[in-house]
Amino acid sequence: MTAQAPIPYPFPWTPPMEVPESLRGLREQALVEVRLPSGDTAVMVTRYADVRSLFADPRLSKNVARPDVARIAADNELFVDPKIDGDPPHHTRMRGLVTRAFTARRIELLRPYAQQVTDELLDAMAAGPKPTDLNEALAFPLPILVICKLLGIPPEDRNRFRSLVDGFLSVTKLPPDEVERCRSELWQYLVELIEYKRANPGEDDLITSLIKVRDEDDNRLSEYELHHWTRSLLIAGYVTTASQIGTGTAVLLHRQDLVKDIRADYSLVPSAVEELLRTQIMGSSIGTLRYALEDIELSDGTILKKGSSVLLSEESANMDETVFADPFTLDIRRPENHHMTFGAGIHYCVGAALARMELQVATEALLRRFPDIRLAVPAARLPRALGGFMEGFSEVPVTW
């Protein structure tokens, strides 16, 4: 790395409807130094091949609850939990138990329910005022209701846990005491919910399945792990998908030529969803913080030094010119779109299939139902939800 000032990270959202300009030319170096919201510095891995391999490299640890690791935010440790070992073999055991309950079959069985919820939400949107905020009409309610169904959470609790999750995921948006209040109340809510589910098990929900693993399967899941993973699945199952639905749809509506192409051939929806995921106009890789246990040689011979705090930049990998032709162009017909947005290897997102299903259902249903839907304000005026784990558009006003 050349000696230069650390780059502030997350990158600023300029221009508003495209990937940050800061990503251009970033891969000229395999590693760049970035400054996090806490003021601490970390090393960012920029190239696709390196990011992909390092997700599975045992020399890069997820256990970042140590004093010499960079903090993401000064007053919120986010997903740092010293009681949870994020590395093999413990992570392997935990992932096996969770994915056993989080099956592809279970997700596909949810598709008709997701379609029903989407249709009902769009009915309500059609009957309501114009313009309306697409986030509140569709993008947030859909993933919340689906994750409630999947986990077995009473749907009437959705607004409560949405508020608590948003507070928990604050990076700089909320003061420390408010973040801690949200963290504590969310944990207590899940403690009470799990005890209720123990006494009143559901027929086929995920929390009931995890409780069975805890109580009946040789105690291979500790009580703390049960609560931790329930919280993690709740957060991962709605926040990122909700942000992607709202912000990805805004990008599409800004590009009416792409909307026209999809309406002419709805079989393009899956590839359009993948391309919007690749370009990731709503988040950063701030949650990929790792710690180098040893010196690691990268693909070009660059050495990632032992003791480094490391970010695996999914968004930079997704712009790697050696992997994606014309990467800064939004191409909804892009072939072989093996983007890194869901991670890779042993840390590939267990909720990827759920997110894809919801994104496909929401995108197609919205465009079919509202032939004239469009942004109600210029793209430059869409407000960003800055200071949180997700930085998508906080409002997406649409009309039709």
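One-based numbering along the sequence shown. For clarity, every value in this text was computed on a predicted model and none was experimentally measured.
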Restricting to non-hydrogen atoms, name the atom on S316 and the atom on R27 that form the minimum distance, rounded to 0.1 Å. OG-NH1, 3.0 Å
Any link between I72 and I7 through a network of hydrophobic side chains (Ile, Leu, Val, Met, Phe, Trp, Tyr) touching at under 4.5 Å? yes
Within-4.5 Å side-chain heavy-atom neighbours: E395 and V377: no
For V69 and S309, run side-chain contact (heavy atoms from CB on, under 4.5 Å): C-alpha distance rounded to whole Å, both residues' side-chain angles, the deciding distance at 0.1 Å, then the answer. CA-CA 6 Å; V69 179; S309 298; 3.7 Å; yes
Residues in ring pair (Phe, Tyr, Trp, His ring centres under 6.0 Å) with Y189, at least two apart? none
Would you indicate whether the side-chain heavy atoms of M44 and E33 approach each other to under 4.5 Å? no
Do V19 and E315 touch side chain to side chain, with heavy atoms closer than 4.5 Å? no
Nearest-0.5 Å distance, NE2 of residue H227 to CD of residue Q188: 8.5 Å
I'd like to know if E358 pairs up with K149 as an ion pair, taking the criterion as any Lys NZ or Arg NE/NH1/NH2 lying under 4.0 Å from an Asp or Glu carboxylate oxygen. no
Please, which pairs that meet ring pair (Phe, Tyr, Trp, His ring centres under 6.0 Å) have at least one residue in residues 285-330, sequence neighbours excluded? Y48-F324
Could you please spell out the steps behind the side-chain hydrogen bond (donor to acceptor under 3.5 Å, both in side chains) verdict for D331 and T329? CA-CA 6 Å; D331 180 3; T329 295; over 6 Å; no
Mind checking whether L298 and L54 have side chains closer than 4.5 Å, heavy atoms only? yes
Derivation of the side-chain contact (heavy atoms from CB on, under 4.5 Å) call for I262 and L252: CA-CA 10 Å; I262 293 172; L252 267 187; 4.1 Å; yes
Residues E274 and R334 bridged, charged N to O under 4.0 Å: no
Using a 3.5 Å distance criterion without hydrogens, assess whether the side chain of D157 forms a donor-acceptor pair with backbone atoms of R160. no
With respect to T279, which candidate in M17, H339, E18, M319 satisfies the side chain to side chain contact (heavy atoms under 4.5 Å, CB included) definition? M319
SB check R198 E195 (cutoff 4.0 Å): yes
Quick check: is L164 connected to Y196 through a chain of hydrophobic side chains (ILVMFWY, heavy atoms under 4.5 Å apart)? no
For the pair E275 and R333, find out whether any cationic side-chain nitrogen is under 4.0 Å from an anionic carboxylate oxygen. no
Is a donor on one side and an acceptor on the other found under 3.5 Å between the side chain of Q256 and the backbone of L253? yes
Should the pair R384 and F393 be classed as cation-pi, given the thresholds of under 6.0 Å to the six-membered ring centre and 45° from the axis? yes
What are the two closest heavy atoms between R59 and D295, and how far apart are they? NH1-O, 3.8 Å
Indicate yes or no: at least one non-hydrogen side-chain atom of E108 is less than 4.5 angstrom from one of R111. yes
Just do the side-chain hydrogen bond (donor to acceptor under 3.5 Å, both in side chains) check on S271 and N337 with the steps written out, would you? CA-CA 8 Å; S271 62; N337 193 347; over 6 Å; no
Using a cut-off of 6.0 Å, state whether more than 12 heavy atoms not belonging to E156 lie near its atom CD. yes
Looking at V396, T247, I245, T249, which hits side chain to side chain contact (heavy atoms under 4.5 Å, CB included) with N135? V396
Just wondering, do N318 and L277 contact through their side chains at under 4.5 Å, heavy atoms? no
Same apolar cluster: L60 and I303, side chain cutoff 4.5 Å: no
Just to verify, what does H254 make a ring pair (Phe, Tyr, Trp, His ring centres under 6.0 Å) with, not counting sequence neighbours? none
Between Q116 and E120, does the side-chain contact (heavy atoms from CB on, under 4.5 Å) criterion hold? Intermediate values first, please. CA-CA 6 Å; Q116 174 190 334; E120 291 172 355; 3.2 Å; yes
CA sep, side-chain torsions, deciding dist, call: V269, L367, side-chain contact (heavy atoms from CB on, under 4.5 Å): CA-CA 10 Å; V269 166; L367 296 185; 5.9 Å; no
Stepwise, does the side-chain hydrogen bond (donor to acceptor under 3.5 Å, both in side chains) test hold for Q115 with D119? CA-CA 6 Å; Q115 186 68 61; D119 292 341; 3.1 Å; yes
Can you find a pair of side-chain heavy atoms, one from V45 and one from L31, that are under 4.5 Å apart? yes
For the backbone of N63 and the side chain of S61, can you confirm whether one donor and one acceptor N or O come within less than 3.5 Å of each other? yes
Angle class for the F342/Y348 ring planes (parallel below 30°, perpendicular above 60°, tilted otherwise)? perpendicular
Report the relative orientation of the aromatic rings in F55 and H347; use parallel for angles under 30°, tilted for 30 to 60°, perpendicular for over 60°. tilted
Should the pair R369-D123 be classified as a salt bridge under the 4.0 Å nitrogen-to-oxygen rule? yes
Is there a path of hydrophobic side-chain contacts, each under 4.5 Å between heavy atoms of I/L/V/M/F/W/Y residues, joining Y266 to F370? yes
Nearest atoms (heavy-atom pairs only) where L121 meets L142: CD1-N, 3.8 Å
Cluster question for you: counting only ILVMFWY and a side-chain heavy-atom cut-off of under 4.5 Å, with indirect links fine, are I207 and L109 together? no
Nearest non-hydrogen partners of S285 and Y9, listed with the distance: N-OH, 2.7 Å
4.5 Å side-chain heavy-atom contact, I147 and I153: no
Is a side-chain donor or acceptor of R263 paired with a backbone partner of P371 at a separation under 3.5 angstrom? yes
